[in-house]
Amino acid sequence: MYFKIKTEAEKALRKAVESFDCEFEEEIKMEFPPNPELGDLASTISFQLAKLLRKAPNLIAPEIVENIELPEIFERVEATGPYVNFFINHDIFAKQLLDSVDEDYGQLEAIDEKIILEHTSANPNGPLHIGHIRNSVIGDSLRRLLTKAGYNVDTQYYVNDMGRQLAMIVYGMEEHGLKLEDQPSEKIDHKVGELYFKVNQMINEDESLGEGVDATIRKYEGGPSELDEKFEYAVNSCLEGVKETLKRMNVKHDAFVWEGQFVRTGIVDNLTQELIDIGYARQGEVLYLDLSEFDIPKELVLRRADGTSLYSTRDIAYHIYKSKNCDIILDIFGSDHKLAARQVELALEILEEIEPNSDKMEVIFYEFITLPEGSMSTRRGVFISVDELMDEAVKRAKEEILSRRSDIDEELVDEIAEEIGIGAIRYYIARLSPEKHITFKWDEALSFERGCASIQYAHARACKLLKKAQEENNIDLDNLEVEETWSLNDNEKELVKLIAKFPSLIEDSAKIRRVHPIAQYCQDLAGAFNRFYKSEQVIGSDVENARLLLVEKARIALKNSLDILGVSAPSIM
RNA sequence: GCCCUGGUGGUGUAGCUUGGAUAACACGUGGGACUGCGGAUCCCAUUCCCCGGGUUCAAAUCCCGGCCAGGGCACCA
């Protein structure tokens with residue numbers, strides 16, 4: 001609805017400006033006024049015109065107002081200083097809004113662009129920890145946001161099945177008799193992590209063992225051998241656990257892409273050869289890529305001295321593959337990957353897979369989540385796993401529910417606790433912009449006070465009210481006529497405006513590839529709903545239909561915005 | 001050392017791309033409301049743009065120089 005209002009205001013402004021003697025071609029700037037007394041939509045067009053007309057902005061604004069033909073959706077337009085403020089005719093606006101919101105609200109028109117979104121891609125050498133989960137939450141929320149914005153999104157998890165870390169695990173199993181089933185944890189990915197930790201300890205104590213790992217890598221890359229199924233077994237075991245964790249977090253991937261295929265199919269060799277042919281790859285002690293002309297003084301090693309492949313080279317191959325299959329490559333990486341990502345992008349340019357300086361490859365970098373005592377490490381066995389985090393979150397949520405209600409049965413309590421616990425985690429991460437460093441603290445991450453739970457609560461309240469109207473008063477929500485007498489009060493206006501904002505919020509957030517504005521929106525919307533709910537009687541009021549519809553549409557907006565964050569909206573809690 | 005991020009009330013953040021009205025949200029703290037549709041509610045108070053220059057009619061926002069914190073600069077991923 002805001003799209004429409006904005007366009008109408010812009011059109012009217014442009015027409016008004018036509019009567020002035022100047023050529024005004026720029027995009028008209030619009031913004032939201034700081035408070036309702038200054039209207040619902042404002043334009044700073046006077047500032048833009050000031051230079052052209054050689055006139056003070058606060059003199060231009062009244063002239064525009066005088067010349068403007070006001071569209072019906074506005075009640076009036078005023079000049080306040082240099083600003084041109086539009087006031088919505090809320091009675092008309094609200095009715096149009098209530099008509100336009102359906103279950104699909106917020107879904108924008110399809111855009112003919114395919115995005116391959118890579119996220120999580122954690123090494124399969126142990127369970128996901130709370131550092132990885134920031135990647136998943138950002139990635140999965142973005143998947144939901146971009147889909148809602150009309151893009152065709154394909155999400156992929158890049159599986160590092162060929163790295164040194166995996167080789168260490170296989171080496172430990174093959175040469176030192178370590179077995180997954182001997183590890184103490186219950187869950188399979190945790191067992192993998194424990195085994196990996198042990199191999200690390202062994203190598204720390206006796207560095208000569210590293211030679212065995214090298215041999216394992218050489219053999220695995222050398223061609224089909226009995227090692228293949230060992231690697232597959234290790235990777236699949238870990239992935240099995242990781243997938244369980246992701247599922248519980250409401251994170252969905254369309255595909256798991258194994259890096260090994262890029263080596264086996266010869267793509268890595270081909271691209272390496274091509275880089276040599278073009279002249280960017282040089283042979284020193286090892287084969288490396290010279291990127292100094294791009295202001296990267298550090299050479300990128302393409303192959304180990306023993307001929308085996310490296311992560312960076314395989315990643316270039318993967319990105320070539322992605323590039324061939326989509327319009328936009330979108331990666332979610334930790335900020336420690338900044339240099340590597342830039343190198344991959346340059347390699348793609350050199351290989352003419354993407355245009356120089358194109359924006360086909362986009363990377364969202366996020367800063368780390370650290371523990372108060374320092375950074376996490378699978379290798380050192382220092383981390384908080386996502387499984388632990390979820391268990392604790394759900395446990396706390398359950399206690400919270402039990403302390404408030406004794407009237408619902410255990411099974412339902414567990415179900416709701418799950419929704420609240422997982423929601424709290426996702427919300428805690430999604431609400432922050434990615435470049436913000438987080439020091440993890442249990443109480444902050446799992447706070448139910450005014451966090452995600454209060455948003456879910458607003459939704460549950462709406463559901464309860466609607467249910468009551470339907471069951472006790474036999475009201476059919478689908479056939480309600482808004483009363484002619486309905487004239488909106490401030491709480492209603494605020495709620496209507498927020499609901500109306502949703503589609504343009506999706507468009508804007510999708511454009512900047514950020515999900516945290518959605519989190520803020522959820523909170524604002526819940527707040528507006530709670531204020532409305534507190535001050536206005538719905539059932540039994542003389543504008544009952546209008547208000548019931550408003551509750552229903554607020555409920556949808558709340559549910560759909562939470563959905564973008566991967567947070568479920570319980571109807572009872 | 002070089003490069004990349006961040007620095008906004010007591011705390012955690014949004015706003016910075018594209019400069020514009022009284023800097024937004026939540027927590028905390030202190031007061032208060034409500035016997036109605038669920039109190040995980042609502043209202044009021046409280047307190048902020050790291051420092052120094054510059055550009056501009058106008059700077060949290062742009063530019064330069066500092067300071068502090070995190071990350072990167074592997075034949076790891």
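So you know, we letter chains A, B, ... as the sequences are listed, proteins then strands, and number each from 1. Values in this document were obtained by computation on a predicted structure and should not be read as measured data.
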Quiz item: Atom CG of Asp508(A) and atom P of G15(B): how far apart are they, to the nearest Å?
Solution: 12 Å
Quiz item: Tyr311(A) side chain N/O closer than 4.0 Å to the phosphate oxygens (OP1, OP2) of A77(B)?
Solution: no
Quiz item: Where the side chain of Asn530(A) is defined as all heavy atoms beyond and including C-beta, which of C4(B), U41(B), A77(B) is the nearest nucleotide?
Solution: U41(B)
Exercise. Can you label the angle between the His337(A) ring and the Phe333(A) ring as parallel, tilted or perpendicular, going by 30° and 60°?
Key: tilted
Quiz item: Expressed in angstrom and rounded to an integer, what is the separation of Glu207(A) atom CD from C75(B) atom P?
Solution: 16 Å
Exercise. Could you let me know what G65(B) is paired to, Watson-Crick or G-U wobble, both distances under 3.5 Å, or none if it's on its own?
Key: C51(B)
Self-check item: G15(B) OP1/OP2 closer than 4.0 Å to side-chain N/O of His516(A)
Solution: yes
Quiz item: Expressed as a whole number of Å, how far does the P atom of A14(B) sit from that of G30(B)?
Solution: 28 Å
Quiz item: For C42(B), does either OP1 or OP2 sit under 4.0 Å from a side-chain N or O belonging to Ser535(A)?
Solution: no
Practice problem: Would you kindly give the CG-to-P distance between Leu558(A) and A40(B), to the nearest whole Å? | Solution: 16 Å
Exercise. Could you work out the separation of C49(B) and G7(B) based on their C1' atoms and round it to a whole Å?
Key: 10 Å
Quiz item: Taking the same atom, C1', in G31(B) and in G12(B), what whole-Å distance lies between them?
Solution: 24 Å
Quiz item: Can you tell me if the side-chain N/O atoms of Arg405(A) get under 4.0 Å from OP1 or OP2 in G38(B)?
Solution: no
Quiz item: Which base sits across from U13(B) as a Watson-Crick or G-U pair, both distances under 3.5 Å?
Solution: A24(B)
Practice problem: With heavy atoms under 4.0 Å as the rule, sort Gly163(A) into base, sugar-phosphate or nothing. | Solution: sugar-phosphate
Quiz item: Heavy atom of residues 300-309 of chain A under 4.0 Å from RNA chain B: which residues?
Solution: Val301(A), Arg304(A), Ala305(A)
Exercise. State the pairing partner of G30(B); accept Watson-Crick or G-U wobble contacts with both distances under 3.5 Å, and report none otherwise.
Key: C44(B)
Quiz item: Lys298(A) side chain N/O closer than 4.0 Å to the phosphate oxygens (OP1, OP2) of A74(B)?
Solution: yes
Quiz item: Does OP1 or OP2 of C76(B) have a side-chain N or O of Arg379(A) closer than 4.0 Å?
Solution: no
Self-check item: Length of the line joining Phe529(A):CZ and C37(B):C1', which is rounded to integer Å
Solution: 9 Å
Quiz item: Counting side-chain heavy atoms from C-beta on, which of C37(B), A77(B), A21(B) comes nearest to Tyr533(A)?
Solution: C37(B)
Exercise. Quick one: look up who A59(B) pairs with, Watson-Crick or G-U, both distances under 3.5 Å, and put none if it's unpaired.
Key: none
Exercise. Give me the ring orientation class for Tyr428(A) and Phe440(A): parallel if the planes are under 30° apart, tilted from 30 to 60°, perpendicular past 60°.
Key: perpendicular
Exercise. Kindly point out which of A40(B), C37(B), G19(B) is positioned nearest to the side chain of Glu400(A)?
Key: A40(B)
Self-check item: Among A40(B), G72(B), G38(B), the one nearest Ile572(A) by side-chain distance
Solution: G38(B)
Quiz prompt | Pairing partner of G1(B) (Watson-Crick or G-U wobble, both distances under 3.5 Å) | solution = C73(B)
Quiz item: Under 4.0 Å between a side-chain N/O of Asn123(A) and OP1 or OP2 of A77(B), yes or no?
Solution: no
Quiz item: Taking atom C1' in both A24(B) and U61(B), what distance in whole Å separates the two?
Solution: 15 Å
Practice problem: Write down the distance separating the C1' atoms in G28(B) and C48(B), rounded off to the nearest Å. | Solution: 15 Å
Exercise. Determine the Euclidean distance between corresponding P atoms of G71(B) and U11(B); express it in Å to zero decimal places.
Key: 22 Å
Exercise. Please measure how far the C1' atom in U18(B) lies from the corresponding atom in U22(B), and state the result in whole Å.
Key: 23 Å
Quiz prompt | Pairing partner of U35(B) (Watson-Crick or G-U wobble, both distances under 3.5 Å) | solution = none
Quiz item: Contact class for Arg514(A) vs. all strands (heavy atom < 4.0 Å): base, sugar-phosphate, or nothing?
Solution: nothing
Exercise. For Glu444(A), report the nucleic acid contact type (base, sugar-phosphate, nothing); a contact means any heavy atom under 4.0 Å.
Key: nothing
Practice problem: From the options C75(B), G71(B), C4(B), select the nucleotide whose nearest atom is closest to the side chain of Leu310(A). | Solution: C75(B)
Exercise. Please name the pair of heavy atoms, one in Ala234(A) and one in Leu166(A), separated by the smallest distance, quoted to 0.1 Å.
Key: CB-CD1, 3.9 Å
Practice problem: May I have the distance from Leu49(A) (atom CG) to C57(B) (atom P), rounded to whole angstrom? | Solution: 18 Å
Exercise. Mind telling me whether Tyr318(A) and Tyr321(A) have parallel, tilted or perpendicular rings, with 30° and 60° as the class edges?
Key: parallel
Quiz item: What nucleic acid atoms does Leu432(A) come within less than 4.0 Å of, heavy atoms only: base, sugar-phosphate, or nothing?
Solution: sugar-phosphate
Practice problem: Round to the nearest Å and state the distance from Arg342(A) atom CZ to G71(B) atom C1'. | Solution: 18 Å
Quiz item: How do Val538(A) and Ala526(A) order along RNA chain B: which one's closest nucleotide is nearer the 5' end?
Solution: Val538(A)
Self-check item: Glu472(A) (side chain) donor-acceptor with Ala469(A) (main chain) under 3.5 angstrom
Solution: no
Self-check item: Non-neighbouring partners of Gln261(A) that pass side chain to side chain donor-acceptor pair (under 3.5 Å), sequence neighbours left out
Solution: none
Quiz item: More than 12 heavy atoms of other residues, nucleotides or ligands under 6.0 Å from CD of Glu211(A): is that the case?
Solution: yes
Quiz item: Which nucleotide sits closest to the side chain of Lys534(A): G12(B), A40(B), C42(B)?
Solution: C42(B)
Exercise. Report which part of the nucleic acid Ile401(A) touches: base, sugar-phosphate, or nothing (heavy-atom distance under 4.0 Å, all strands).
Key: base
Quiz prompt | Atom-to-atom span, CD of Glu494(A) to P of C25(B) - whole angstrom | solution = 10 Å
Quiz item: Which heavy atom in Ala167(A) sits nearest to a heavy atom in Thr216(A), and how many Å separate them?
Solution: O-CG2, 4.0 Å
Quiz item: How many angstroms lie between atom OG1 of Thr120(A) and atom CD of Gln156(A), to the nearest 0.5 angstrom?
Solution: 12.5 Å
Practice problem: Tell whether Asp524(A) reaches the base of A14(B) with its side chain through a donor-acceptor pair below 3.5 angstrom. | Solution: no
Quiz item: Do Arg404(A) side-chain and G38(B) base share a donor-acceptor contact under 3.5 Å?
Solution: no
Quiz item: Please give, in whole Å, the distance from C2(B) C1' to Leu339(A) CG?
Solution: 12 Å
Quiz item: Which of the following nucleotides, G71(B), C42(B), A21(B), is nearest to the side chain of Pro33(A)?
Solution: A21(B)
Self-check item: Check ion pair Lys322(A)-Asp331(A) (N to O, under 4.0 angstrom)
Solution: yes
Quiz item: Any Lys/Arg nitrogen of Arg514(A) or Glu435(A) sitting under 4.0 Å from an Asp/Glu carboxylate oxygen of the other?
Solution: yes
Quiz item: From the list A21(B), G6(B), C43(B), which nucleotide is the closest neighbour of the side chain of Leu38(A)?
Solution: A21(B)
Quiz prompt | Glu367(A) side chain, from C-beta outward: closest of U5(B), C76(B), A40(B) | solution = U5(B)
Quiz item: C1' atom, U46(B) versus C62(B): distance in rounded Å?
Solution: 33 Å
Quiz prompt | Base U13(B) to side chain Lys436(A), donor-acceptor N/O within 3.5 Å cut-off | solution = no
Quiz item: Which value, rounded to the nearest 0.5 Å, describes the distance between Lys219(A) atom NZ and Asp214(A) atom CG?
Solution: 15.0 Å
